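Take a look at the structure set out below.
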Amino acid sequence: MKYTAGQAAKAAGISKATITRALKSGKISGLKDDSGTWTIDPAELHRVFPPVAGAPPETQTMKRPATPEETGETAALKRENQMLREALADAKQERDRWHQIAERLSIARPAPAPDHPKPAAGFWSRLFGKGRGD
């Protein structure tokens with residue numbers, strides 16, 4: 001079975017662009033069909049690019065489920081996410097409450113200054129009679 005450029009990239013653990021550059025430069029040989037798809041012999045590919053350890057054999061295709069299963073870790077992350085969303089909502093409510101209090105305080109009229117009685121005349125004023133209107 002021959003590789004396509006994408007399958008060759010996966011088998012060698014490199015990018016598809018690296019495979020096509022190697023093909024165009026002549027570093028590895030392959031055939032290009034009428035639709036523009038490259039076909040590469042596995043022996044030719046691995047002559048230049050060593051296979052990746054644990055790469056699936058060329059006759060097998062990897063099948064993945066359409067959606068990942070929910071694991072214990074996924075469920076725990078969903079619970080944590082929900083708790084964080086609730087905490088954020090509480091913080092926003094608290095922020096809005098403090099914002100309203102600040103607005104009310106900034107709009108409120110300032111309290112009038114207290115009236116201070118005139119201080120009693122000092123010793124010298126009383127002695128010389130100044131400040132009484134004499």
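Every value quoted in this text rests on a predicted model; they were computed, and no experiment measured them.
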Closest non-hydrogen atom pair between [X] and [Y], with its separation:
X     : Y     : answer
Lys16 : Ala9  : N-CB, 3.6 Å
Gly30 : Trp38 : O-CZ3, 3.7 Å
Pro42 : Lys2  : CD-CA, 4.2 Å
Thr20 : Ala5  : CG2-CB, 4.4 Å

Separation of Arg95 CZ from Gln93 CD (nearest 0.5 Å)
10.5 Å
Any chance you could measure Lys92, atom NZ, to Asp96, atom CG, to the nearest 0.5 Å?
9.0 Å
With side chain to side chain contact (heavy atoms under 4.5 Å, CB included) as the test, would you mind laying out the steps for Asn81 and Leu77 before giving the verdict?
CA-CA 6 Å; Asn81 191 3; Leu77 289 172; over 6 Å; no
A quick test of your reading: do over 12 heavy atoms of other residues, nucleotides or ligands sit less than 6.0 Å from CZ of Arg85?
no
Would you find more than 12 non-hydrogen atoms of other residues, nucleotides or ligands less than 6.0 Å from Glu73 atom CD?
no
Met83-Leu88 co-clustered via ILVMFWY side chain contacts under 4.5 Å:
no
Contacts satisfying salt bridge (charged side-chain N to carboxylate O under 4.0 Å, His left out) that involve residues 24-48 (not counting sequence neighbours) are Glu44-Arg47
Which of Thr37, Leu23, Ile40, Thr39 passes side-chain contact (heavy atoms from CB on, under 4.5 Å) with Leu31? It is Thr39
Is there a side chain to side chain contact (heavy atoms under 4.5 Å, CB included) between Tyr3 and Ile19 once you walk through the steps?
CA-CA 11 Å; Tyr3 289 136; Ile19 295 290; over 6 Å; no
